[in-house]
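See below for the structure under consideration.
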Amino acid sequence: MIDFAAAADALSLLFSSATPWLVVVPGILIGLIFGAVPGLQISMAMAIFLPMTLYMDFMQAMLFLTAIFTGGSFGSGVPAILMNIPGTSSAIATAFDGYPMARKGEHNQALGLALGSSSFGVLLGYLILFALIQPISGLVLKLGPAEMFAVILWGMTLIASLSGTHMVKGLIAGMVGLLVGTIGFSEAGMLRGTLGNEYLLDGVPVIPAMMGMFAASELLRLVNTPYLVENEAARKVNIRLIVKGFFQAFRYPTVLLRGSVIGVFVGAVPGVGSSVSNLLSYIETKRRDANPESFGEGNPKGVVASESANSTSEAGSMATLLALGIPGGGATAVMLAAFAMHNITGGPQFIREETDVVYAIIFANFGQVILLMALALMFLPMLANVVKVPMRYLIPSVLALAVFGSFGLTGNIAGPMTVLIFAVIGWLFRRYNYSVPAAVIGILLGSMAESSLLHTYQISGGELSYVLDRPVTILILCLLALSLFGNKLMKLMTAKRTVKAGA
């Protein structure tokens, strides 16, 4: 399964010269900056700097782009923790507990937790990729729209789970999100919900809507608050506490491992990836915890679960790119363009003939993690100083970043208008105790689910037997049922045993 001769050649390819590594540090810094600035995307950073790879050899180009990917995967969690703005959809769950930790003055620990979890996630993800790249590629080939729909359906069960004490309101918020997610042209060419507005033909822009509901609505709610962290003593930026948080992540090995495994396998599903994996990891951790009510209030396990899955999904998406030549998302689509620029085609033949290059890319990511830890520990104290900025300056600055970033994403006024409209909707949701995360998950997954369901229907001709003949789909649906009802069944069985023992 592992070609040790090719592995030795890969090490020689990487370390015979320092040239391939010269681009790694700039790449990680670019990823950190683009990930940490609200409105900027990892794929945007990779696309902007893609022309530079024309002047590099293929190995150097891949190290540069994967370094941006690695830095951005962690960087997107920084604004989620400090300002409740997920840098990307893959950091949504990071905000659920990271931001409450920051509001309580535990921003240093939260950033350290995110860094520790991300570093572990990337290491384990690429280790799994190194050992199982060919089996993973074979598994991905068996995934059709039915399997993708099952994975997305699993993610959509989060809507009920994230509703807390207001279950009905949470479900209503989720349904509103699902309806918003279906605005625009459907996969079948039907136009829905645009109200004659041409800007909505392609649907509601997800990232601007997410920034509006999460960040802008929270900032509107905090208008009369002097500082993000009200306790002056807790506003200090302490590198010792960040390092302490880094090592604290490893106190939850089960959460780390579960998040990493979910991340690498869900991340390998094209079009789903980290957008779903971080949510699945978070909710599975919450369901299995002895105190699930503490999630959403600043539980460190929530940050660990999200960030480990978020970062590990990078390895999963790389598996589909290297083994099949299929991009898993925007970032790997840019990498596929780099493949084409260097006249290389990913796929089984590429793995078979260029195994040493594949292994070299994987090994390079192990080195990138070490550099990420060093660079992040240098820059996190500077980024964490946002808690010292008075809200009268922070609110207009963040709103301006969100508006300009959304304009950059859409290229027209639809982005800024989406931010402002969903800021008001998010504020109303918070005011009347409707779940903002449930609504955002509905928007994010609604169109994905509709597309996969329609393709499944077209392929199967509406026959249920099609699903019953696909063991992977049945397995995913069984895992879904187990995650929903497993704890209740265990409690029921334990209660029956107790009754029998008492009798």
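Shown here for Asp97 and Glu297, the closest heavy-atom pair between the two residues is OD1-N, 3.4 Å. Between Thr456 and Ala146 the shortest heavy-atom distance is OG1-N, 3.2 Å. Scanning all heavy atoms of the two residues, the minimum distance from Ser281 to Ala309 falls at CB-CB, 3.5 Å. Of all heavy-atom pairs spanning Gly298 and Met101, the tightest one is O-CG, 3.5 Å.
A donor-acceptor pair is defined here as one N or O able to donate and one able to accept, closer than 3.5 Å; no such pair exists between the side chain of Lys286 and the backbone of Gly296. A side-chain donor-acceptor contact under 3.5 Å links Asn278 to the backbone of Ala93.
To the nearest 0.5 Å, atoms CG (Leu129) and CG (Asn365) are separated by 8.5 Å. To the nearest 0.5 Å, atom CZ of residue Phe149 and atom CG of residue Leu453 are 4.5 Å apart.
Within the 4.5 Å cutoff, side-chain heavy atoms of Phe422 are placed close to those of Ile425. With a 4.5 Å cut-off on side-chain heavy atoms, Leu372 and Leu32 count as touching.
In this view, Thr418 satisfies the side-chain hydrogen bond (donor to acceptor under 3.5 Å, both in side chains) rule with no residue, not counting sequence neighbours. With sequence neighbours excluded, no residue forms a side-chain hydrogen bond (donor to acceptor under 3.5 Å, both in side chains) with Asn84. Not counting sequence neighbours, the partners of Ser306 by the side-chain hydrogen bond (donor to acceptor under 3.5 Å, both in side chains) test are Thr94. With sequence neighbours left out, Arg392 forms a salt bridge (Lys or Arg N to Asp or Glu O under 4.0 Å) with no residue at all.
Sorted by first then second residue, the salt bridge (Lys or Arg N to Asp or Glu O under 4.0 Å) pairs that include residues 113-124, not counting sequence neighbours, number zero.
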Mind listing the side-chain donor-acceptor pairs of residues 115-122 below 3.5 Å, one per line with the distance, residues two or more places apart or on another chain?
from   : atom 1 : to     : atom 2 : distance (Å)
Ser117 : OG     : Leu113 : O      : 2.7
Ser118 : OG     : Ala114 : O      : 2.9
Ser118 : OG     : Glu307 : OE1    : 2.8
Ser118 : OG     : Ser311 : OG     : 3.1
Ser119 : OG     : Leu115 : O      : 2.8

